[in-house]
Student: 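Quick one: the structure is below, and I'll ask about it shortly.
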Amino acid sequence: MTAPVFTRTDEHLGTFSLRRVDPHTDAELLHRWVTHPKSAFWMMEEATLPEVEREFLEIAAHPRHDAFLGLHDGTPAFLAERYDPADDLGEAHEKQAGDIGMHFLCAPAGTPLHGFTRAVLITVMEFLFAQPAVRRVVVEPDVRNTAVHALNEAVGFRIEKTVPLPGKDAYLSLCTRDDFRAARGVRP
């Protein structure tokens with residue numbers, strides 16, 4: 001198992017950590033997550049196990065795209081990706097120095113844990129902003145994904161515009177380091 005690249009402790013929910021996805025050993029787990037009906041906005045519901053493994057092998061080989069398996073108290077519980085928005089968004093986003101793209105997915109849970117998804121998002125954002133070069137996080141959730149819009153707003157994202165992307169219309173949203181701090185009640 002690969003070592004964590006980031007760890008954060010939530011005073012109410014425990015320890016969250018991120019490690020790089022191993023496409024070979026994690027593919028079966030990730031296949032269960034991305035094909036689950038609760039993961040519809042991930043747009044992989046019909047993917048086969050070999051297709052999921054191939055997707056994460058391509059991400060691992062890409063110089064500007066990374067995938068991370070998130071652990072909650074040592075148990076796999078979420079997925080995060082960071083990417084260069086110029087690669088995925090092209091003309092839809094006017095990239096600035098310090099921009100990084102992000103996706104996250106919480107594993108389907110039998111018993112939901114209050115505040116868990118927000119804690120995951122905070123963990124991913126803290127991980128991204130721990131990199132000094134990152135100035136803004138860029139996301140493009142499906143306009144129909146109202147639950148994630150509320151979470152994004154709660155951590156400081158602001159919707160810039162609606163953009164057409166493959167398979168969806170998306171809210172292109174941005175969060176600066178200062179926006180994130182302000183949303184968390186942390187002074188600059």
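Hydrogens, waters and symmetry mates play no part in the numbers below; they use all other heavy atoms, side chains included. One-based numbering along the sequence shown.
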Student: Using side chain to side chain contact (heavy atoms under 4.5 Å, CB included) as the criterion, list what pairs up with H31, not counting sequence neighbours.
Tutor: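 For H31 the side chain to side chain contact (heavy atoms under 4.5 Å, CB included) partners, ignoring immediate neighbours, are T35, L49, V52.
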Student: Report yes or no: do V134 and V138 belong to one cluster of Ile/Leu/Val/Met/Phe/Trp/Tyr joined by side chain heavy-atom distances under 4.5 Å?
Tutor: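 V134 does not cluster with V138.
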Student: Any side-chain heavy atom of L30 sitting closer than 4.5 Å to one from F56?
Tutor: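 A side-chain contact under 4.5 Å exists here.
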Student: Measure across P141 and N152 and return the closest heavy-atom pair with its distance rounded to 0.1 Å.
Tutor: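 Here P141 and N152 meet closest at CG-ND2, 3.8 Å.
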Student: Output the rest of the hydrophobic cluster of M43: all Ile, Leu, Val, Met, Phe, Trp and Tyr residues reachable through side-chain heavy-atom contacts under 4.5 Å, sorted by chain and number.
Tutor: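 Reading the cluster by chain and number, M43 sits alone, since nothing else belongs.
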Student: Can you establish whether the number of heavy atoms outside R135 located under 6.0 Å from its atom CZ is more than 12?
Tutor: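 Counting other residues, nucleotides and ligands, CZ of R135 stays at 12 neighbours or fewer.
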Student: Test: salt bridge (charged side-chain N to carboxylate O under 4.0 Å, His left out). Region: residues 28-37. Which pairs qualify, not counting sequence neighbours?
Tutor: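 The answer is E28-R32.
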Student: Do F16 and F78 pass the side-chain contact (heavy atoms from CB on, under 4.5 Å) test, and can you show the C-alpha distance, the side-chain angles, and the key distance before you say yes or no?
Tutor: CA-CA 10 Å; F16 292 83; F78 62 99; 3.8 Å; yes
Student: Using every non-hydrogen atom in the two residues, find where A170 and V143 come nearest and quote the distance to one decimal.
Tutor: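 Smallest heavy-atom distance, with atoms named: C-CG1, 3.8 Å.
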Student: Is the shortest distance from a Lys or Arg side-chain nitrogen in R64 or D84 to a carboxylate oxygen in the other one below 4.0 Å?
Tutor: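 The answer is yes: the pair qualifies as a salt bridge.
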Student: Is the count of non-hydrogen atoms from other residues, nucleotides or ligands lying under 6.0 Å from R158 atom CZ greater than 12?
Tutor: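 Counting other residues, nucleotides and ligands, CZ of R158 stays at 12 neighbours or fewer.
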Student: Hey, any chance F68 and I100 share a hydrophobic cluster, counting ILVMFWY side chains that come within less than 4.5 Å of each other, even indirectly?
Tutor: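 Cluster IDs for F68 and I100 match.
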Student: What heavy-atom pair brings R144 and G167 nearest, and what distance separates the two atoms?
Tutor: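 Taking R144 first and G167 second, the nearest heavy atoms are NH2-O, 4.5 Å.
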Student: Please round to the nearest 0.5 Å and tell me the distance separating atom CD1 of I159 and atom CD of E140.
Tutor: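 Interatomic distance, I159 CD1 to E140 CD, rounded to 0.5 Å: 13.0 Å.
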Student: For A67 and I59, work out which heavy atoms get closest and say how close.
Tutor: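 It is N-CG2, 3.7 Å.
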Student: Among all residues two or more places apart in sequence or in another chain, which pass the side chain to side chain contact (heavy atoms under 4.5 Å, CB included) test with T25?
Tutor: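 Applying side chain to side chain contact (heavy atoms under 4.5 Å, CB included) to T25 gives D22.
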Student: Please determine whether residues V163 and V139 belong to a single hydrophobic cluster, defined as Ile, Leu, Val, Met, Phe, Trp and Tyr linked transitively by side-chain heavy-atom distances below 4.5 Å.
Tutor: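 V163 does not cluster with V139.
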Student: I'd like to know whether F116 forms a ring pair (Phe, Tyr, Trp, His ring centres under 6.0 Å) with H72, so could you lay out the CA-CA distance, the side-chain angles of the two residues, the decisive distance to 0.1 Å, and finally the verdict.
Tutor: CA-CA 9 Å; F116 181 80; H72 176 235; 5.2 Å; yes
Student: Relative to the ring of H103, is the ring of W42 parallel (under 30°), tilted (30 to 60°) or perpendicular (over 60°)?
Tutor: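 Because their plane-to-plane angle is over 60°, the rings of W42 and H103 count as perpendicular.
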Student: Tell me the side-chain hydrogen bond (donor to acceptor under 3.5 Å, both in side chains) pairs involving residues 115-125, sequence neighbours left out?
Tutor: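 Only R8-T123 qualify under side-chain hydrogen bond (donor to acceptor under 3.5 Å, both in side chains).
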Student: Can you name the nearest heavy-atom pair linking L18 to G70, along with the distance?
Tutor: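 Between these two residues, the closest heavy atoms are CD2-CA, 4.0 Å.
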Student: State yes or no: do L151 and W33 share one hydrophobic cluster built from I, L, V, M, F, W and Y residues joined by side-chain heavy-atom distances below 4.5 Å, directly or via other members?
Tutor: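 No; tracing contacts between hydrophobic side chains, which count when under 4.5 Å, never links both residues.
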Student: Please collect all side-chain hydrogen bond (donor to acceptor under 3.5 Å, both in side chains) contacts where either partner lies in residues 43-63, sequence neighbours excluded, each pair once.
Tutor: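 Every side-chain hydrogen bond (donor to acceptor under 3.5 Å, both in side chains) pair that includes a residue of residues 43-63, provided the two are not neighbours, is H24-E53, T48-E51.
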Student: Is any side-chain heavy atom of F104 less than 4.5 Å from a side-chain heavy atom of V148?
Tutor: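 F104 reaches V148 side chain to side chain.
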Student: Please round to the nearest 0.5 Å and tell me the distance separating atom CZ of R136 and atom CZ of F129.
Tutor: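 One finds 10.0 Å between CZ of R136 and CZ of F129.
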Student: Specify the closest pair of heavy atoms between T162 and D169, including all atoms of both residues, with the distance to one decimal.
Tutor: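 Minimum heavy-atom separation between T162 and D169: CG2-CB, 4.3 Å.
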Student: May I ask whether L13 and V155 are part of the same hydrophobic cluster, defined by side-chain heavy atoms of I, L, V, M, F, W, Y residues being less than 4.5 angstrom apart, directly or through others?
Tutor: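 L13 and V155: one cluster.
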